[in-house]
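What follows is a set of notes on a single structure, which appears directly below.
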Amino acid sequence: MPVGIFDSGLGGLTVFSEIRKRMPGQPLLYLGDNKHTPYGVRDAEDIYRLTVQNTQALFDRGCDLVILACNTASAVALKRMQETWIPKDKRVLGVFVPMIEAVSERMWGDNSPPREVTVNQLALFATPATVASRAFQRELSFRAIGVDVEAQPCGGLVDALEMNDLELAEAMVHSHVSALLRRMPKPDAAVLGCTHYPILEHVFQEALGPEISVYSQGKLVAASLEDYLQRHPEMVGAAGPTRCLTSGDPKDVSIAATRFLGHSVQFESLEG
Ligand code: DGL
């Protein structure tokens with residue numbers, strides 16, 4: 001029984017590869033909805049519908065646990081899915097909480113009341129839909145007191161990364177970072193709140209300067225998943241192959257994914 005990993009496109013591969021490094025024996029089933037990427041410029045209803053449809057596709061292929069390796073889906077759709085849709089024997093986890101637990105200096109799964117933390121000024125870079133949802137601020141307020149969050153919607157960045165136009169993507173990072181620093185000149189830390197962005201973590205770091213710590217999700221989500229599976233061994237399941245599926249053209253997506261990650265990744269069609 002593989003753990004399902006879902007993203008609107010290639011971005012979730014940054015989470016997928018960190019999970020593979022940390023838990024090489026854990027079978028995974030990755031699904032990229034490349035046909036409908038990007039999600040970050042869609043409205044909430046559309047994001048909910050597509051996220052439910054793709055999560056169901058992973059349930060149908062034997063996954064009992066699905067990670068939404070997409071901040072946009074986690075921010076916009078997850079709460080509603082948990083309240084109204086997820087079947088009792090299935091679990092869906094987002095990628096926000098592990099990052100917020102790290103920012104708020106908590107152990108994985110620590111749900112104690114909010115408290116003061118070291119970070120006071122926090123820069124958030126995310127898709128327009130994630131920023132508009134304010135889900136990051138909501139989840140953070142359950143865990144930390146007195147953190148000012150300044151959010152920068154990074155319109156266009158996911159499209160540039162999906163097209164492997166790194167020159168354009170790097171220029172966009174510089175312009176989004178400058179726009180944020182005009183409003184919050186000295187953040188203590190910055191959060192890359194989109195799973196596509198870790199590919200350009202070094203560019204964010206360079207644009208922000210060395211004194212600002214940058215949190216990115218891959219390693220944090222992998223560590224928190226390992227902890228979750230230790231606490232829920234029934235979700236580990238039997239050994240099996242790891243596969244990558246796409247709603248797009250598997251040949252094109254394999255080429256784009258290989259360029260994106262810098263090593264070979266082969267995709268199969270979701271349609272089978
Ligand atoms: N990787 C998705 C995220 O983390 C990108 C969303 C999009 O498709 O715009 O938000």
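Each ligand, and each atom within it, is numbered from 1 in the order the structure gives. Being a predicted model, the structure only gives us computed values, none of them experimental. The basis for the numbers below is simple: all heavy atoms, side chains too, and nothing from hydrogens, waters or symmetry mates.
The part of Ser8 lying near ligand 1 is the side chain, judged by heavy-atom distances below 4.0 Å. The proximity of Val158 to ligand 1, defined as any non-hydrogen pair under 4.0 Å, is limited to the side chain. At a heavy-atom cutoff of 4.0 Å, ligand 1 is contacted by both the backbone and the side chain of Asn71. Proximity of Val41 to ligand 1, defined as any heavy-atom pair under 4.0 Å, is not found for any part of the residue.
For Lys219, the NZ atom sits in a loose shell: 12 or fewer heavy atoms of surrounding residues, nucleotides or ligands are nearer than 6.0 Å.
A salt bridge is defined here as a Lys NZ or Arg NE, NH1 or NH2 lying under 4.0 Å from an Asp or Glu carboxylate O, and Arg49 with Asp43 fails to meet this definition. The pair Lys21-Glu18 meets the salt-bridge criterion, since a charged nitrogen lies less than 4.0 angstrom from a carboxylate oxygen. A salt bridge is absent between Arg134 and Glu139: the closest approach of a Lys/Arg side-chain nitrogen to an acidic carboxylate oxygen does not fall below 4.0 angstrom.
Using a 4.0 Å cutoff on heavy atoms, Gly9 does not count as a contact of ligand 1.
Nearest protein neighbour of atom 9 (O) of ligand 1, counting heavy atoms only, is Gly40 N, 2.7 Å. With respect to atom 5 (C) of ligand 1, the closest heavy atom belonging to the protein is His196 ND1, 3.4 Å. The protein non-hydrogen atom at the shortest distance from atom 7 (C) of ligand 1 is Tyr39 N, 3.2 Å.
Residues Phe125 and Tyr197 place their aromatic rings such that the two centres sit no closer than 6.0 Å.
Each of the atoms 1 (N), 2 (C) of ligand 1 lies under 4.0 Å from some heavy atom of Asp7. Interface atoms of ligand 1 facing Thr37, defined by a heavy-atom separation under 4.0 Å, are 8 (O). The ligand atoms of ligand 1 that sit less than 4.0 angstrom from a heavy atom of Thr127 are 6 (C), 9 (O), 10 (O).
No donor-acceptor distance shorter than 3.5 angstrom exists from the side chain of Asp64 to the backbone of Lys90, with no hydrogens or angles considered.
Remark: the Ser247 side chain and the Asp33 side chain contain an N/O donor-acceptor pair separated by less than 3.5 Å.
Distances from atom 6 (C) of ligand 1 to the heavy atoms of Thr130, Thr72, Val76 show the closest one on Thr72.
Alongside Met81, the hydrophobic cluster contains Phe6, Leu29, Leu31, Tyr39, Ile47, Tyr48, Leu50, Val52, Leu58, Phe59, Val66, Leu68, Val76, Leu78, Trp85, Ile86, Val92, Leu245, Leu270 (criterion: ILVMFWY side chains under 4.5 Å).
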